[in-house]
Number of protein chains: 2
Amino acid sequence: MAHDPETTTRDRIVATAMELFVLQGYGATGIAQILAASGAHAGSLYHFFPTKEDLLLATLEERKRLLRPEVLDPIWARYSDPIERVFGLLDGYRQMLQTTGFRHGCPIGNLALELTESHPQVRKVLAELFDLWADAVAACFAEARGRLPADRSPADLARFVLVTMEGAVMLARTHRTLDAYDTAVSQLRDYVERLLVDGSEWHRPNPATRTPNQENRHEVRTDRDAGARRRQRARRHQEVPARVVRRPRRRRRAGQG
Amino acid sequence: MAHDPETTTRDRIVATAMELFVLQGYGATGIAQILAASGAHAGSLYHFFPTKEDLLLATLEERKRLLRPEVLDPIWARYSDPIERVFGLLDGYRQMLQTTGFRHGCPIGNLALELTESHPQVRKVLAELFDLWADAVAACFAEARGRLPADRSPADLARFVLVTMEGAVMLARTHRTLDAYDTAVSQLRDYVERLLVDGSEWHRPNPATRTPNQENRHEVRTDRDAGARRRQRARRHQEVPARVVRRPRRRRRAGQG
DNA sequence: AAGGCACTTGAGCGATCGTTCCAGCATGGC
DNA sequence: GCCATGCTGGAACGATCGCTCAAGTGCCTT
């Protein structure tokens, strides 16, 4: 199989695994599927990574490396106000949910709950990734320190933002509604607004690029694009060959038709 | 194998599966492990449940049935103030994290992220479970309507509580610290306090049974029991035979020692 | 007593899992 | 020219997966 000559086999394996682990989970993604989707062979994969877990760790290290340039910087470039940046970041996850038909949530969250118990080494790296993310948000709040109560810890606020984002993504994916996400984020926004010390200005974002969903402050969202989402879901495509699903060979569910 | 004559085979299978699915996840729990832990045989299991997924659905239905009597009622009995009940509920999850050494989180959350994509029917039931939980919390806020702004939707507030809980559990399990949980919950509490209309009384809980971690309002937690937690983790026990973990037969991780 | 039915026992099926192994190939230093 | 080294291609391994099935057990009805 001929591949992009610019990419090495190792990179293709890591990139493919990173995507599949997030989409399907770690356990549900087979080595065979990674090999097929990346066009590599077992020998190559095991040349670079002694075990599947080592491959996972490599993808997580890659995510650590990419967090700033690929996730934060594009949003930091769009907003200059530090608090606006925080909510711009949250809007990024909203867009991810929307454009992928809820297939992509937070890359870390899925793996966190799946693997904390069974894979201590993975757990550690996931915790570091959470910290990296929270630190970036904390830096925003620290920059906006003048507008926040002096006894407010930026780090605590940042953790609360992360908690809200992860929980909101979970609910949105389960309900398959952006409603769930927007409800949580607008209440978080309301909270932050209430914290602002009197007389300080609330965000005045760059007029150029505006994101949706900020007209509604603490009044709740309207699910503007349910139709588009449904359409999207209808033509949902399998970009990579899915792991073969085991189908029961006999009877299926008696009732419910 | 002789079993408690009071329980039927079906009930033992469901109870065992319910526990294992939550502890280890759905995919990571094998039928063989469920059979071994429940003392049943393959034929019996497949007599009652056509597929593994049907068994999962049965455990989720059981959780729906048990939510009120086993989760809500005990806490409702401890607190009479509706807002206090909400935070009592959150404290219940904190205790679960603490007493199980972070092995038990929210029973629904784990499964939600693992299965939303691949198992639509399961996703639907999980969404119903989330709704059931949120409805119960919304009822609390509705009961406290007089103390909350009139335009506040109890349902939205309840969703925010659920989002916070799920996100906080995720972070706490990943970091293996109650800090992460407490930070989020106390900020949520702070938010609710700020919503309270002037002059209304904040909680005045039953003096008898008090829970920990409510002396700290919006000032952040102290990790009171890190020592106890460490001790707890040290003697962590495997109550059920774990699924056999596939171990690589050759080389392990070169560096790091 | 006999037959029906719900359930149990436990061996075994084909598929897929993560992993292993080795012959082959390209490149670079001698 | 030749060997060492880094990587590829792909068959194969043993274990485990979810699931099947047929014979057996014991209670219920008639």
Side-chain angles (χ1 to χ4, degrees), chain A residues 1-5 7-14 16-17 20-21 24-59 115 118-119 122 241-254, chain B residues 1-3 5 7-14 16-17 20-21 24-58 115 118-119 122 241-254:
Chain A
M1 219 183 280
H3 297 286
D4 185 350
T7 66
T8 68
T9 302
R10 204 198 114 105
D11 288 348
R12 268 185 293 122
I13 291 173
V14 170
T16 306
L20 291 177
F21 285 156
Q24 311 181 334
Y26 173 73
T29 301
I31 296 279
Q33 190 187 358
I34 295 170
L35 295 176
S38 65
H41 293 264
S44 300
L45 192 151
Y46 281 95
H47 173 72
F48 296 111
F49 309 103
T51 71
K52 188 187 180 186
E53 181 175 353
D54 289 292
L55 172 56
L56 172 62
L57 288 169
T59 70
L115 302 169
S118 49
H119 295 68
V122 174
R243 182 182 203 155
V244 180
V245 168
R246 199 188 291 276
R247 295 224 170 275
R249 270 157 281 183
R250 60 169 179 182
R251 62 221 152 129
R252 272 301 301 176
R253 155 167 325 295
Chain B
M1 218 181 281
H3 297 286
T7 65
T8 68
T9 301
R10 203 197 113 106
D11 287 347
R12 268 185 292 122
I13 291 173
V14 169
T16 306
L20 291 177
F21 286 156
Q24 312 180 334
Y26 174 72
T29 301
I31 296 281
Q33 190 187 359
I34 295 171
L35 295 176
S38 65
H41 294 262
S44 299
L45 191 152
Y46 283 96
H47 173 73
F48 296 111
F49 309 103
T51 71
K52 188 187 180 187
E53 181 176 352
D54 289 291
L55 172 56
L56 171 62
L57 287 169
L115 302 168
S118 50
H119 295 68
V122 175
R243 181 185 204 154
V244 180
V245 169
R246 197 189 292 277
R247 294 226 171 273
R249 271 158 281 182
R250 61 167 178 182
R251 61 218 151 132
R252 272 302 300 177
R253 158 164 325 294

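Because the structure is a prediction, the values reported are computed rather than measured. Letters A, B, ... mirror the listed sequences (proteins, then strands); counts begin at 1.
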Look at the side chain of A:F48 and decide which nucleotide, out of D:dC7, D:dT20, C:dT8, has an atom nearest to it.
D:dC7

Distance-only, no hydrogens or angles: does the A:T59 side chain make a donor-acceptor pair with backbone N or O of A:A17 under 3.5 Å?
no

Length of the line joining B:L35:CG and C:dA11:P, which is rounded to integer Å
13 Å

Within less than 4.0 Å of OP1 or OP2 of C:dT8, is there a side-chain N or O belonging to B:T9?
yes

Using whole Å, what does the distance between atom P of nucleotide D:dA15 and atom NZ of A:K52 come to?
19 Å

Residue pair A:A32/A:G43 against DNA chain C: nearer the 5' end by closest nucleotide is A:A32

CG of A:D11 versus P of D:dT8: gap in Å, rounded?
11 Å

Can you find a side chain N or O atom of A:H41 that sits less than 4.0 Å from OP1 or OP2 on D:dG10?
yes

Here the distance between atom P of D:dA12 and atom OH of A:Y46, to the nearest Å, is 18 Å

Over all atoms of both residues, closest heavy-atom pair of A:Q24 and A:A28
O-CB, 3.3 Å

Grab the NE2-C1' distance between B:H47 and C:dG10 for me, whole Å please.
16 Å

Length of the CD1-C1' vector between B:I34 and D:dC19, whole Å
13 Å

Whole angstrom value for the distance that separates C1' of C:dA6 from CG of B:L45
16 Å

Under the criterion side-chain contact (heavy atoms from CB on, under 4.5 Å), which of B:L45, B:I13, B:V14 is the partner of B:S38?
B:I13

What's the CZ-P distance between B:R12 and C:dC7, to the nearest Å?
13 Å

The side chain of B:I31 is closest to which nucleotide in this list: D:dG18, C:dA11, C:dT9?
D:dG18

Check A:T29 against A:K52 and note the closest heavy-atom contact, atom names and distance.
O-NZ, 2.9 Å

